[in-house]
Number of protein chains: 2
Amino acid sequence: MTLGKCEICHKDCSLFNYGAQCCNACKMFFRRVISYKTPLLTCDNNEKCFESPNQNTECRLCRFQNCITAGMIQNQEKFNLSNVFPSLLQLENHKRFILENCQPSRDFTFEEATSVRTMDFVLKPLDVTFDSFDWEAMTQITTTDYLKKLNFSKMLTSADLKAFLKSSYLDCALFSTAMHYYSMKSGIIYFPEGIDVLPKETRVISAFKPEFEIGIKSRLIGRLAELKVTNEEFLLLNMIFICNPAARNISKTGSLLLANYQQMYSNLLLKHCQVNYQQQAPTRFTDLLSLCHLVAQTKRDICNIVLLLQFYQPGIKWKAMLKGAIEYLLEN
Amino acid sequence: MTLGKCEICHKDCSLFNYGAQCCNACKMFFRRVISYKTPLLTCDNNEKCFESPNQNTECRLCRFQNCITAGMIQNQEKFNLSNVFPSLLQLENHKRFILENCQPSRDFTFEEATSVRTMDFVLKPLDVTFDSFDWEAMTQITTTDYLKKLNFSKMLTSADLKAFLKSSYLDCALFSTAMHYYSMKSGIIYFPEGIDVLPKETRVISAFKPEFEIGIKSRLIGRLAELKVTNEEFLLLNMIFICNPAARNISKTGSLLLANYQQMYSNLLLKHCQVNYQQQAPTRFTDLLSLCHLVAQTKRDICNIVLLLQFYQPGIKWKAMLKGAIEYLLEN
DNA sequence: CAACTAGGTCACTAGGTCAG
DNA sequence: CTGACCTAGTGACCTAGTTG
């Protein structure tokens, strides 16, 4: 009867569950994790339990990594629109509230912001005013904080979480900002209190062309308006862009997990389009996905601005957060 | 071998089952549903799974809708008198018990009563007395509750269930009341405790002719007595009248399902007549079916009374239930 | 007897429960 | 949190009855 072994715990087993040959115990474990019944995942063994197959201590995180490696994947059925929207919306609103009303409890570094540790925020006194750099740093910190709260973030190893956060936070921040100001009927993006997203230092750069500025401030938002993107579509698209299995330095397991989630969000968006657009669903779906290119282009524009700033204004004192972010950005 | 595709799940398939080209899996699914082995049917996807043909997630309700649309129909053989009578009788008796001994747990609206949600009843204290309007509302609520418990009701989408309930509850209530008091040897209908079915407000209407009153109270019951309608005949006739494929606002699929059931109950009644009346079976069958016109006529009379009441007694405060019911009635 | 179909059986899996 | 055990839905396969 026992024709094989559980791919996770290597016990004798002939069952198939969630797409992998696995015993009942591992099935139940996987199910509890992916259904967010038991969200906390840490490893006391340097996240290397699974590297030695004869190890007798397997922590929950490493056990889950094994599940993903074995190809286990959650049933799409419970991952439906009515389950997913409310939590995404709540996270998005919470992020916006923190961004507009709080400040970080101290000067976080880029490495700290992209680590597993959570960051504290305190209410911002009314007399504190942020300049463009402050807002940029604040946006990055709230965005990484937001990304860490996503369900699948808690299923990544600390190294993969870092790789994921570094690779996705900027796309997420850009897309989310554009969507926010589009929904406020604005044609360009800015920071709260009407602060320009481009620091004043850029004004004196002779090589700085107006096309650049327009590109950054209104290319993405303009397309959102053209397509009349709804909030639901944005939330799903954002997840699809974020779950990038090709994130730099990510492990094979992390990549698999992100690919699974990207697939599920993608299916969900297609379904959403089919319900709302019938025959035009494939066109709508493609139009929405093509926003990905605009986000990437905006990111390249920002990269160029940073290079120009470094060249023309070498004396700028970057905040800890921005310094690290820029280093990562220019490493590409 | 594979000359076509399953009309439900679109897999390659050359079989015909239950009147449609369909694979074994869909055959088994349909069989289980119509035999009430697996009664519960809900959709998490807004009941639109079947609107997009390439969807990978198909819920049970939508899959069943597809079966009906493909023309699948149950074998009449298992749908015989000895299977059908006991459950119909039990539902009818249960409704009568609730009507005479309970009251709604709160003031339901017409929309609530015709939604999928079940309604709660509580035992009526002995000192509570109902007037004519109370009884009318109570009759409508118990009737919709009764209709929701019919097997095929659980196979309708929520929208179709609403359309079905709104279109059928009054016929059902009128016919059932008439049958009840005919079987009690009464010549006219009334409400429990001897309450007049016509509210006292009608007495002062000058345009109110006695023929009207007689029509409503004794036309139908008189004909039941003339024909000496048996309880079995009533139960089947009631189903035939209720399963009206021409219900207003019903979808094509819902209409098909009701037509199927109407056909089956109709076949059953004819068979029942043949057993009990031999050569006179066709005559008996036609006589019984003609009761349909009397129910419709009684409904028109009620419609007229409501119009008169609204004209002569504009100050009446209708209960929530009656208000919605009247609006629907007068929309025709 | 060969092709076909209604209905039965049963191994299999997703998900729930509950004692430990 | 864990995992043995339970339940319900599923669909491949089987059987018996029908028909040309």
Side-chain angles (χ1 to χ4, degrees), chain A residues 1-4 6-44 49 56-64 66-67 70-80 83 154-155 264, chain B residues 1-4 6-44 49 56-64 66-67 70-80 83 154-155 264:
Chain A
M1 195 57 180
T2 56
L3 299 168
C6 168
E7 295 183 57
I8 290 86
C9 69
H10 311 298
K11 271 187 284 198
D12 282 352
C13 150
S14 68
L15 299 170
F16 275 81
N17 286 300
Y18 298 101
Q21 182 156 12
C22 100
C23 67
N24 178 65
C26 291
K27 173 190 87 168
M28 292 307 295
F29 170 76
F30 181 75
R31 194 154 77 79
R32 275 191 294 264
V33 175
I34 53 151
S35 63
Y36 320 123
K37 294 273 169 62
T38 61
L40 210 62
L41 285 167
T42 51
C43 178
D44 293 332
C49 295
N56 53 0
T57 60
E58 273 196 336
C59 77
R60 304 186 70 233
L61 180 56
C62 294
R63 189 180 187 184
F64 183 71
N66 260 356
C67 289
M72 291 182 85
I73 187 163
Q74 83 170 279
N75 210 320
Q76 175 90 31
E77 268 150 54
K78 281 293 163 73
F79 195 86
N80 57 42
N83 288 339
K154 291 164 192 142
M155 301 176 190
M264 289 194 292
Chain B
M1 193 60 179
T2 55
L3 299 168
C6 167
E7 294 182 56
I8 289 86
C9 69
H10 312 297
K11 270 188 286 201
D12 281 351
C13 151
S14 68
L15 300 169
F16 274 81
N17 287 300
Y18 299 101
Q21 181 155 12
C22 100
C23 68
N24 178 65
C26 291
K27 174 189 85 169
M28 292 306 294
F29 169 76
F30 181 75
R31 195 154 76 80
R32 274 191 294 265
V33 175
I34 52 149
S35 62
Y36 320 122
K37 295 271 169 63
T38 60
L40 209 63
L41 285 167
T42 51
C43 178
D44 292 332
C49 293
N56 50 2
T57 60
E58 275 195 337
C59 77
R60 303 186 72 233
L61 181 56
C62 294
R63 190 180 185 184
F64 183 71
N66 260 355
C67 290
M72 290 181 85
I73 187 164
Q74 82 172 277
N75 209 319
Q76 177 89 33
E77 270 149 53
K78 280 295 164 72
F79 196 86
N80 56 42
N83 288 341
K154 293 167 189 137
M155 302 176 190
M264 290 195 293

(request) Only counting residues at least two apart or in another chain, list the ones meeting side-chain hydrogen bond (donor to acceptor under 3.5 Å, both in side chains) with Glu7(A). (result) none

(message) Going by the rule side chain to side chain contact (heavy atoms under 4.5 Å, CB included), which residues pair with Asn24(B) if we only count those two or more places apart in sequence or in a different chain?
(response) Lys27(B), Met28(B)

Between N or O atoms, less than 3.5 Å apart, protein on one side and nucleotides 18-20 of chain D on the other: list the pairs.
none

(request) Specify the separation, in whole Å, of atom CZ of Phe30(B) and atom C1' of dG11(D). (result) 17 Å

(request) Spell out protein contact along nucleotides 13-20 of chain C as letters: B when the base is contacted, S when just the sugar-phosphate is, - when no protein heavy atom is under 4.0 Å; keep the 5' to 3' order. (result) SBBBB---

(request) Using a 4.5 Å cut-off on heavy atoms from C-beta on, say whether the side chain of Phe29(B) contacts that of Val33(B). (result) yes

(message) What's the separation between atom CG in Asn66(A) and atom SG in Cys6(A), rounded to the nearest 0.5 Å?
(response) 9.0 Å

(message) Please report the distance, rounded to the nearest Å, between CZ in Phe29(B) and C1' in dA8(D).
(response) 13 Å

(request) For Asn80(B), enumerate each residue passing the side-chain hydrogen bond (donor to acceptor under 3.5 Å, both in side chains) test, keeping only those at least two apart in sequence or located in another chain. (result) Ser82(B), Asn83(B)

(request) Just jot down the side chain to side chain contact (heavy atoms under 4.5 Å, CB included) partners of Leu15(B), sequence neighbours excluded, or say none. (result) Cys13(B), Asn17(B)

(message) Using 0.5 Å steps for rounding, measure from the CZ atom of Phe30(A) to the CE atom of Met72(A).
(response) 5.0 Å

(request) Give, for atom CZ of Arg31(B) and atom SG of Cys67(B), the distance between the pair rounded to the nearest 0.5 Å. (result) 13.0 Å

(request) Whole angstrom is fine here: how far is it from CD in Gln21(B) over to P in dC4(C)? (result) 12 Å

